[in-house]
Amino acid sequence: MSSQLSQGSLEIIMNGGHYDKPIMQVLGSKKIQGSGANERFRLLVSDGKHSHSFAMLATQLNDKLITGELSDYSVVQIDRFVTSLLKNTGKGEKRVMIILDITIIKPGSEVGKKLGNPQTWTEETAASAPAQTTMQPAPKVAALPTQSANQVTSMDTSSLASQMTHPIASLSPYQNKWVIKARVMSKSPLRTWSNAKGEGKLFSMDLCDESGEIRATAFRNECDKFFDMIQVDKVYYISRCQLKTANKQFTSLKNDYEMTFNADTVVSECQDDASSVPTIKYDFVPINEIADKATDSLLDVIGVCRAAADVQELTARSTGKLLKKREVTVVDSTGGAVSLTLWGNEAENFDGSTNPVVAAKGARLTEFNGSKSLSCLASTMIRLNPDLPEAHKLRGWYDNGGDKMDVVNISARTGTYGGGSNEWITFSEAEAKQLGSGDKGDYYSMLGVLTFTFTDNAVYKACPQEQCNKKLVDQENGLFRCEKCNREYPNFKYRLLLGANVSDPTGDQRITAFNESAEAMIGKSSADIGRMFEYDKTGYTALFEDIKFRTFVFKFRTKMETYSDEARLKTIVVSAQPVDYKDGNARLLKSIKAVTGVEV
DNA sequence: CCCCCCCC
């Protein structure tokens with residue numbers, strides 16, 4: 001019975017030797033860390049002669065355990081593995097085996113029992129064998145079979161390359177003597193920061209090898225030292241970094257840790273054959289499953305670009321920065337479609353005319369008024385027509401009728417949730433939907449009447465800087481001071497900030513209209529209104545009397561805010577347009593029909 | 001030590 005197992009292979013492997021594709025039995029598994037996509041499992045395996053529990057499953061194989069495919073008593077062939085000697089474990093050195101590829105020869109349900117009578121393999125068992133160290137000189141390594149790509153086989157003069165490397169999956173903060181051989185999947189631009197704690201610069205890179213992936217960040221001095229050297233797609237030997245727990249909010253990489261370069265960090269480019277180090281690792285989510293994922297999570301997705309909108313320019317509300325975006329709709333053979341938003345240069349340079357396959361790693365799932373879409377972050381990797389099996393499959397599918405498939409677009413904005421669509425709702429409906437209670441604020445459109453305007457401070461002298469609209473302090477000496485820019489100006493620009501009440505048949509709402517929307521409502525430029533405020537008070541007052549009781553199609557952004565312990569809705573006019581009564585009547589007829597069921 | 005990543 002136990003003869004089908006590779007008896008004695010465990011002993012060889014645990015002593016640092018190699019055994020080609022050993023056949024073992026799984027006797028148990030245990031989760032040792034993490035959760036969700038980042039959990040890691042330890043296996044108890046037996047070769048019929050010995051058993052040991054220092055085998056770890058590379059995270060990309062987790063599914064086999066979770067789905068039950070890799071059940072206890074399964075007989076498996078370990079197609080690919082690496083071993084790593086852990087130090088500082090409290091009990092001296094300990095070798096772990098990381099399983100990279102596995103074939104299930106016989107499922108546990110068919111085997112149903114432990115094969116043979118394996119004895120627990122201990123470090124004492126190992127003591128009888130020649131001692132192995134973590135840092136093996138090249139000749140010794142070269143003497144081993146080269147099944148594992150993580151072993152350097154050539155006689156390299158570089159001191160780093162002459163050592164045995166460690167799989168990324170084995171790195172942890174509890175162990176600092178390691179060298180990894182990793183490919184750079186992506187590299188961020190150099191960025192500076194400045195906050196209460198200080199300022200500095202940094203860049204980060206995402207690294208991978210056969211066993212896993214990890215993010216590394218370099219700060220300040222290390223930026224100067226390594227930024228130019230690190231190039232995407234190249235393979236490097238890296239050692240001596242600090243390891244710390246990764247914040248999952250900012251990375252989709254499957255690793256519980258991330259690395260920080262420090263003064264001791266050594267990086268050298270791998271000059272020999274690195275073709276076995278993978279280029280990039282994806283965990284693609286089928287498009288029809290994206291909507292089930294948590295908002296704000298980072299996902300990998302691949303699809304064919306079915307449509308690409310034009311580049312849109314907009315100004316970021318929070319920073320005043322000018323932004324460029326392009327929405328690309330991607331589809332896959334699941335019949336799902338999702339919008340992927342590209343930013344900046346990526347948005348400008350994108351060409352969707354040839355319907356390229358788009359692969360994104362680490363795109364953020366965002367929700368806007370009930371529909372979900374993906375948005376690229378600075379750390380998102382986008383590749384067009386990548387040389388991946390999934391991409392070739394999609395190409396074939398799309399070019400052979402897939403383009404004509406009916407799709408469900410999870411980013412479609414019509415219908416579902418009154419607010420975000422073009423649908424008009426009432427104040428009482430907005431209240432019933434509790435619009436404004438979320439973190440991000442909600443948008444809705446409605447037909448409303450302007451019933452009152454607060455005219456006293458509707459116009460103010462604002463900072464003349466392009467993106468700064470801060471109210472200036474009159475220094476009474478011909479100069480105006482901007483507290484935000486921290487400087488004085490001889491000039492200013494007029495801007496509007498109009499408080500008003502809007503009513504509809506169901507209620508009323510205090511609203512605020514900033515410059516552009518207030519100009520649209522009044523029908524005059526802020527410069528003209530400012531001049532009237534200074535030199536023609538009667539005309540100024542008349543402007544606001546004129547617009548009182550006028551009806552507009554308003555688009556509002558509303559959000560609950562707290563002022564001195566009191567929560568109230570802050571509702572801002574995104575746009576105010578005159579009513580197109582033909583459209584208004586069509587909407588009215590439609591809602592009459594919806595309410596009464598009568599064709600009108 | 002960053003962690004901002006935008007808009008409808």
Side-chain angles (χ1 to χ4, degrees), chain A residues 186-206 215-223 227 241-253 258-263 265 296-298 309-329 339-347 360 362-382 411-414 416-423 435 438-445 467 516-517 554-559 572-575:
Chain A
S186 70
K187 167 186 160 184
S188 80
L190 201 59
R191 187 166 67 84
T192 58
W193 85 87
S194 172
N195 60 27
K197 287 184 216 156
E199 53 184 60
K201 57 181 171 181
L202 72 129
F203 78 99
S204 63
M205 70 209 83
D206 290 345
R215 175 162 296 173
T217 307
F219 292 94
R220 297 174 198 186
N221 291 342
E222 285 71 59
C223 287
F227 185 78
C241 299
Q242 183 195 328
L243 273 121
K244 58 171 192 171
T245 306
N247 187 338
K248 291 294 162 190
Q249 209 183 327
F250 305 114
T251 168
S252 65
L253 298 195
E258 59 187 29
M259 321 197 306
T260 304
F261 281 15
N262 59 34
T265 297
D296 289 337
S297 55
L298 298 172
D310 291 335
V311 172
Q312 258 179 281
E313 288 198 3
L314 53 106
T315 308
R317 212 189 313 139
S318 50
T319 59
K321 247 199 295 183
L322 190 67
L323 305 170
K324 287 185 176 146
K325 72 153 187 178
R326 189 198 295 270
E327 285 189 15
V328 172
T329 302
S339 169
L340 175 69
T341 305
L342 309 178
W343 298 93
N345 288 338
E346 239 158 25
R364 175 178 284 173
L365 181 61
T366 65
E367 189 184 339
F368 179 70
N369 281 333
S371 78
K372 300 204 177 188
S373 62
L374 295 167
S375 184
C376 289
L377 310 178
S379 57
T380 306
M381 280 177 257
I382 294 287
S411 311
R413 256 179 232 149
T414 46
T416 52
Y417 197 73
S421 70
N422 292 319
E423 196 186 329
L435 296 187
D439 295 340
K440 287 185 80 174
D442 292 303
Y443 292 78
Y444 66 99
S445 298
Q467 297 300 346
E516 287 72 17
S517 54
F554 288 105
K555 183 159 206 173
F556 292 128
R557 182 176 68 242
T558 190
K559 188 177 181 310
I572 287 170
V573 181
V574 176
S575 69

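The chains referred to below are lettered A, B, ... by the order of the sequence lines, with proteins before strands, and numbering in each begins at 1. Just so you know, these numbers use all the heavy atoms, side chains as well, and skip hydrogens, waters and symmetry mates.
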task = Not counting sequence neighbours, which residues clear side chain to side chain contact (heavy atoms under 4.5 Å, CB included) with A/Lys244? List them please.
result =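 Partners of A/Lys244 under the side chain to side chain contact (heavy atoms under 4.5 Å, CB included) test: A/Glu258, A/Thr260.
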message = Run the side chain to side chain contact (heavy atoms under 4.5 Å, CB included) test against A/Leu377 and tell me which residues pass, sequence neighbours left out.
response =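 Result, side chain to side chain contact (heavy atoms under 4.5 Å, CB included) vs A/Leu377: A/Leu298, A/Arg364, A/Ser379, A/Thr380.
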request  = Kindly confirm or rule out a cation-pi arrangement of A/Lys201 over A/Phe227, judged by NZ or CZ under 6.0 Å from the six-membered ring centre and within 45° of its axis?
outcome  =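 No.
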ask   = Nucleotide by nucleotide, 5' to 3', does protein get under 4.0 Å of the base (B), only the sugar-phosphate (S), or neither (-) in nucleotides 1-7 of chain B, counting heavy atoms?
value = BBBBBBB
inquiry  = Does A/Tyr443 form a ring pair (Phe, Tyr, Trp, His ring centres under 6.0 Å) with A/Phe368? I'd like the steps, not just the answer.
reply    = CA-CA 9 Å; A/Tyr443 292 78; A/Phe368 179 70; 5.3 Å; yes
message = side-chain contact (heavy atoms from CB on, under 4.5 Å) for A/Cys223 and A/Leu190? Distances and angles first, verdict last.
response = CA-CA 8 Å; A/Cys223 287; A/Leu190 201 59; 3.7 Å; yes
